[in-house]
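As structure tokens, the structure follows; a few thoughts come after it.
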Amino acid sequence: MLQFKLVLLGDSSVGKSSIVHRFVKDSFDEYRESTIGAAFLSQTIKLSEEYDEQVLKFEIWDTAGQERYKSLAPMYYRNANAALVVYDVTEPDSLPKAKLWVDELKEKVNDDKLIICLVGNKLDLVSERESTSLVDEADAREFAQENNLLFHQVSAKTGENVIKVFQDIGERLYLQNKDKIQESKKPNNNNISLQRPSTNDSQSCCS
Amino acid sequence: MNSSSNGNRFGIQKLEAHDVGNVDEHPLAIVNGVSMMDSQEMIELDVARLHSGQLNGPQEENALRQILVNWVKRNGVGYKQGMHEICLVLYLENDKDVDECYKRFDNVMKWLYPLFYRDSGVNEWIKNDFSPMLRKMSPRRLYEIIVVKFQISHAVWCIRWCRLLFIRELSGPDQYLPIWYELFDIENKGKFIACVTIVMLMCIVPQLTEAQDESECLYLLLNYPKLCVPIEKVVGWAKIMYDYRAVNTIDSQHADSDADANASPLEEEILQGSNGEWYKKYKDYDVNRLRMEMRLKRRAKWRLSK
């Protein structure tokens, strides 16, 4: 089974855990307790025919929003293959914070292969809000383009577009690793992990 | 940051030139490098997300917010997520008496903050208390699986265990309060928390042994299964472990010696008491051999199902 490490980052209360729960358990709770440290879940997806119907397993690290300014975050995004940087479309302050996360990832992970997806959540609330109190979609889209990020707007509550995010990332990962995947399909080689080796580097945590 | 003469009890330096009491009234105040607005906003959000069935309406939510806001202001430290859950437990335990809850919360934070909420706290605890004890108490099993085989950094999973004092790992106050009450009276809190953590890990040794990769192992550590023994047993074993260390401190300096690689009698007792059937069958197995056997079993099952 192909395994990839995916991490969720973003300001507090933007709905990171809700996105994960929609993806992993196809459920939604109006009230979700704050994540402390991080949560860990996994889910497999099957890509379309175009991508060989490849099955991928995501190991998902869902981090606490407050850790932006702390030093805990690096131990969760270290060795990640993909990152969802989440903001709340009804909370204009949350986009600049998402941008800071993107900057941090680019600077600290410094790996061209890391797939970053900018995700605007709570799309279901857009219709009931004044457009002036919303994040401008064009702004977010432009930032994503300039920084070579994937971009999606989703609703963890209704489920809209959530699977699409993971499919999109899965397809990129497939293309990125196509050669290794072909190799792994040869006889006696049916279990391969494409994660970079994990390290036990305690320096990047809490220092 | 080290404690100094003008630092507060958490070792964080106070700004001498300012009258902190006035400064932090301003919404944009930064006290000791901590933005009071950030703390207040975060408290606001976290308390709203508690959604405890035991809080009746906005008035009680506000009482809880006020306790937390007052506490961070008076101590000049930043609020950290998790404090709100500790505070809620104490609020309910003290019949929603705000003053009493503040006192109790302040008392708990006196040791809990430096241990686990301070930035380098968790790592220091791992280095000084948890790691040496894990290696000593379970060299052939827990240490072998978590550290040697899967090379998992303890910090990634134990932050929540420690900061919330097992609230999320256990199934409710009936399970975590007996641990808390023991903890309130015990002298070396960090050491006792390490003991409880290790006992809880010993209770899931069969599942940890079956984990085929790092991911399965992490899943267990971050989604602790339902406790398989009464909580009184966990507390009892943790107390024995706590005292056991006290009389064996010299040995711990020789963790590499052959003698230490042998099974610890307490671990055998805990395994027997928590997973009797499993223990009877596999007690003499090496964990790596056992993992291999489990893998073969899984493969056979998978082939048969095809």
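Chain letters run A, B, ... following the sequence lines, proteins first and then strands; every chain starts at 1. Keep in mind that this is a model prediction, so the values were computed, not measured.
Summarising the geometry, atom OG belonging to A/Ser13 is positioned 11.0 Å from atom CD belonging to B/Glu44; distances are rounded to the nearest 0.5 Å. Taking CG of A/Asp93 as the reference point, atom CD of B/Glu41 lies at 7.5 Å (rounded to 0.5 Å). In this structure, A/Glu33 CD and B/Ile167 CD1 are separated by 10.0 Å, a value rounded to the nearest 0.5 Å. We find the CD-NZ distance between B/Glu214 and A/Lys5 to be 8.0 Å, quoted to the nearest 0.5 Å.
Shown here for A/Gly37 and B/Ile159, the closest heavy-atom pair between the two residues is CA-CG2, 4.1 Å. For the residue pair B/Gln81 and A/Ala64, the shortest heavy atom distance occurs at OE1-CB, 3.7 Å. When all heavy atoms of B/Leu222 and A/Ala38 are compared, the pair lying nearest together is CD2-O, 3.4 Å.
Both the backbone and the side chain of B/Leu218 come within contact range of chain A, each with at least one heavy atom under 4.5 Å from a heavy atom of that chain. If you measure heavy-atom distances from B/Asn223 to chain A, the contacts under 4.5 Å come from the side chain alone. The parts of A/Phe40 that come within reach of chain B are both its backbone and its side chain, each placing non-hydrogen atoms under 4.5 angstrom from that chain.
Within a 6.0 Å radius of CD in A/Glu128, more than 12 heavy atoms belonging to other residues, nucleotides or ligands are found. Other residues, nucleotides and ligands contribute only 12 or fewer heavy atoms inside 6.0 Å of the CZ atom of A/Arg172.
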Give the C-alpha distance, both sets of side-chain angles, the deciding distance and a yes or no for side-chain contact (heavy atoms from CB on, under 4.5 Å) between B/His84 and A/Ile36.
-> CA-CA 11 Å; B/His84 66 306; A/Ile36 309 299; 4.3 Å; yes

side-chain contact (heavy atoms from CB on, under 4.5 Å) assessment of B/Arg49 paired with A/Ser12 = CA-CA 11 Å; B/Arg49 291 170 72 183; A/Ser12 196; 3.8 Å; yes

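Panel note: side chain A/Glu59, backbone B/Ser215; no donor-acceptor pair is recorded below 3.5 Å.
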